[in-house]
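Notes follow once the structure below has been shown.
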Number of protein chains: 2
Amino acid sequence: MATIKDVAARAGVSISTVSHVLNHTRRVSEEATRNVLEAVSALNYAPNSVARSLKVNRTRTLGLLVTASTNPFFAEVVKGVEDYAFSQGYSLILCNTENQFERQRHYLRMLMEKRVDGLLVMCTDLDEAIQELMRSYQHVPQVVMDWGGSSDFANVINDNARNGAYLAARYLLQMGHRHIACISGQLHKATTQLRLDGVRDALAELDLSLADDLIFEGDYESQSGFDAMQQILALPQRPTAVFAFDDPMAMGALCAAHLAGVKVPDDLSIMGYDDTELARFTSPPLTTINHPKAELGKTAVELLMARIRNKELATESLTVKPELVVRQSVAAPRR
Amino acid sequence: MATIKDVAARAGVSISTVSHVLNHTRRVSEEATRNVLEAVSALNYAPNSVARSLKVNRTRTLGLLVTASTNPFFAEVVKGVEDYAFSQGYSLILCNTENQFERQRHYLRMLMEKRVDGLLVMCTDLDEAIQELMRSYQHVPQVVMDWGGSSDFANVINDNARNGAYLAARYLLQMGHRHIACISGQLHKATTQLRLDGVRDALAELDLSLADDLIFEGDYESQSGFDAMQQILALPQRPTAVFAFDDPMAMGALCAAHLAGVKVPDDLSIMGYDDTELARFTSPPLTTINHPKAELGKTAVELLMARIRNKELATESLTVKPELVVRQSVAAPRR
DNA sequence: GGCGTTGATTTTATCGCCACCCTAAGGTCG
DNA sequence: CGACCTTAGGGTGGCGATAAAATCAACGCC
């Protein structure tokens with residue numbers, strides 16, 4: 001691999017001149033410029049950004065910690081992040097934590113050693129341990145992308161889970177449903193609790209409350225939606241609507257209903273959450289809540305870059321706005 | 001950020017001693033070891049792998065070029081790659097090319113400048129331009145993960161598309177279908193052609209052939225499957241089975257059929273390809289071809305690491321074996 | 001007691017690049 | 001004509017680590 005020294009030698013100029021023409025960091029005569037450029041292409045020279053990073057103390061690399069990148073919701077956010085980071089000349093190290101503390105720890109350490117310029121975290125749930133870990137690395141700008149809380153060292157993007165769930169539940173109520181089951185995520189996750197609160201908010205407006213035995217705990221994956229739906233269908237008094245806390249679980253539920261010969265939405269309404277790309281193409285197309293994913297990704301990177309440029313910046317937090325997307329999996333209940 | 005020098009000073013030893021205790025690269029007295037370790041944790045020291053990489057000329061980072069990471073198939077392969085790379089202490093720079101040459105060029109350049117140890121490429125189609133580009137970087141180990149052809153400088157993993165499509169078509173034929181439509185990918189892509197050949201292979205065994213007007217060109221995304229299915233349903237003589245060349249398009253097709261009131265599999269059979277996680281949860285669950293994704297990812301990384309360890313290694317190519325997964329979207333045609 | 005041996009540790013050179021500090025030459029102007 | 005810019009470019013220290021070479025201390029041995 002050619003180095004800057006080789007280029008300088010071939011162009012008949014000094015190392016610093018090469019550096020300056022490549023970085024446009026000071027005027028260089030036309031002739032020298034031409035020689036350098038010629039040498040660069042002749043040697044197929046590519047500057048070593050490892051060396052550069054060491055010198056300038058900046059890597060133009062971001063770390064992205066995510067629970068599970070195969071989940072379509074995460075996948076779409078990751079794409080949003082990657083896309084905007086690319087446009088800003090940054091690259092992305094993808095870290096799948098599988099929600100395992102050991103992996104989180106390992107990856108965080110790796111990212112710190114690789115001296116990423118900033119950290120994006122999307123882990124649905126931040127327990128004490130991981131929060132403490134993140135705090136110990138607070139000298140690196142961080143933004144948390146899906147967390148209801150706030151932080152004194154990281155920027156937080158609030159996904160407004162409570163409001164989103166409220167919109168979903170209110171819509172079901174408006175359609176006339178009064179007997180609504182929830183397929184939730186893991187109950188210990190903050191997001192899950194917020195969504196439950198959102199559902200309660202909507203119910204409270206009609207002086208209704210959420211019965212515990214209508215909450216079926218899932219894990220945000222399709223299989224759990226499928227299993228929960230089987231339980232729901234076996235209920236002596238079957239609900240008229242089911243609100244799944246993400247689209248994959250809604251798909252699992254849709255599938256279980258289909259296999260049981262239950263027609264959606266005629267016999268039972270199903271509502272999803274996130275508006276994943278595939279939600280338009282379920283059978284029937286899924287009524288769901290749009291969680292702006294590309295926007296979330298972009299906003300997160302913007303925030304992070306602002307922090308990278310100015311480390312003293314306030315750790316402001318932003319909120320994204322969920323919206324109801326009406327398709328065909330919800331109808332009025334049969335009288 | 002503390003450096004090795006700070007650690008050395010605090011521990012009262014030289015920097016090389018610190019280096020040696022951290023890398024277990026030579027015996028160090030118990031006392032010195034203790035002091036160093038104490039200093040490391042007191043200063044919350046994390047070695048700077050940028051500096052390390054510069055010196056040892058190795059970054060323990062791989063670049064992954066992929067067409068579209070939100071496509072569930074790619075997402076699952078990416079996860080397989082990430083998972084195995086992590087277990088080997090490597091991290092991954094994710095590059096979404098969107099199948100745009102400019103992005104591929106940009107990203108390749110970036111990866112070369114960042115001095116990744118190896119390159120994984122999964123772009124479904126390698127036209128002349130990108131192949132030439134890759135060749136110009138052949139001093140870096142590369143493996144191509146989904147390409148029928150072979151290469152003189154990169155390792156290739158053959159995804160056996162032809163055989164997979166053959167299995168799918170043979171199954172449809174065995175079930176008694178004789179009038180089969182294909183929703184293909186872009187016809188100019190090599191993979192698409194291979195799958196078409198596979199279908200032809202199966203048909204040929206029964207002395208049948210594939211009519212051009214039963215090939216509907218899609219783009220491997222759900223929407224195109226949906227659109228194609230609408231065309232198919234409008235056909236004067238409707239086929240009894242549809243083979244979509246990937247699961248998302250099959251889902252789109254399923255959805256279109258559902259909306260048109262066509263029952264799958266009673267009125268029409270639909271077959272997918274890839275066996276994406278969600279294929280178990282479509283309505284009805286999708287009969288499809290399993291393309292071993294995690295295995296593909298792992299194999300690719302293994303191959304790449306072997307090449308990284310020994311650059312002279314032959315550019316062997318491997319083949320991965322697709323399998324039929326029978327679920328409920330295919331039935332015998334009505335007589 | 002000088003001398004090689006051994007083991008523990010320190011010194012030093014380098015990796016590739018950038019940023020700062022210089023030098024040299026030519027022009028301007030009081 | 002000499003002081004002072006301006007423009008173009010060269011030389012070098014140092015970023016933080018590793019690895020080869022050098023040093024040092026302790027020890028046994030003829």
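Quantities reported herein were computed from a predicted structural model and do not represent experimental measurements. Residue numbers start from 1 in every chain, and the chains themselves are labelled A, B, ... in the order their sequence lines are given, proteins ahead of strands.
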Point to revise | Under the side-chain hydrogen bond (donor to acceptor under 3.5 Å, both in side chains) test, residues paired with A/Ser19 that sit two or more places apart | key: A/Asn23
Check your understanding: Of all residues at least two apart in sequence or in a different chain, which pass the side-chain hydrogen bond (donor to acceptor under 3.5 Å, both in side chains) check with A/Ser14?
Key -> A/Ser16, A/Thr17
Between side-chain atoms of residues 48-56 of chain B and protein atoms elsewhere (two or more places apart, or another chain), which donor-acceptor pairs fall under 3.5 Å?
unit_1  : atom_1 : unit_2   : atom_2 : d
B/Asn48 : OD1    : B/Val50  : N      : 2.8
B/Asn48 : OD1    : B/Ala51  : N      : 3.2
B/Ser49 : OG     : A/Glu113 : O      : 2.8
B/Ser49 : OG     : A/Lys114 : N      : 3.4
B/Ser53 : OG     : B/Ser49  : O      : 2.8
B/Ser53 : OG     : B/Arg58  : O      : 3.0

Practice item. May I ask you to say what B/Asn57 touches in the nucleic acid, namely base, sugar-phosphate or nothing, with a heavy-atom cut-off under 4.0 Å? Key: nothing
Point to revise | Degree of bending, the helix from C/dG1-D/dC30 to C/dG30-D/dC1 (end axes from five pairs; round to 10°) | key: 80°
Revision key, fill the gap. In the 5' to 3' direction, the nucleotides of DNA chain C bounding the stretch that comes under 4.0 Å of a heavy atom in chain B are C/dA8 to C/dG16
Revision key, fill the gap. For B/Val140, the side-chain contact (heavy atoms from CB on, under 4.5 Å) test, sequence neighbours excluded, returns B/Met112
Check your understanding: Side chains of B/Thr59 and B/Asp117: is there a donor and an acceptor less than 3.5 Å apart?
Key -> yes
Point to revise | ring-ring contact (aromatic ring centres under 6.0 Å, His included) involving A/Phe86 - partner list, sequence neighbours excluded | key: B/His106, B/Tyr107
Point to revise | Contact letters for nucleotides 8-15 of chain D, in which S counts primed atoms plus P, OP1 and OP2 and B counts the base, heavy atoms under 4.0 Å | key: SBBB-BBB
Exercise for review: Kindly state each residue pair satisfying salt bridge (Lys or Arg N to Asp or Glu O under 4.0 Å) with at least one member in residues 86-99 of chain A, sequence neighbours excluded.
Suggested key: A/Glu98-B/Lys79
Review point. Who pairs with A/Ser151 by side-chain contact (heavy atoms from CB on, under 4.5 Å), at least two apart in sequence or on another chain?
Key: A/Trp147, A/Phe153, A/Ala154, A/Val156
Check your understanding: A/Glu113 CD to D/dG16 C1': how many Å, rounded?
Key -> 13 Å
Practice item. Applying side-chain contact (heavy atoms from CB on, under 4.5 Å), name anything that partners A/Glu30, two or more places apart in sequence or on another chain. Key: none
Practice item. Kindly write out the residues that satisfy ring-ring contact (aromatic ring centres under 6.0 Å, His included) with B/Phe73, not counting sequence neighbours, or none if the list is empty. Key: B/His291
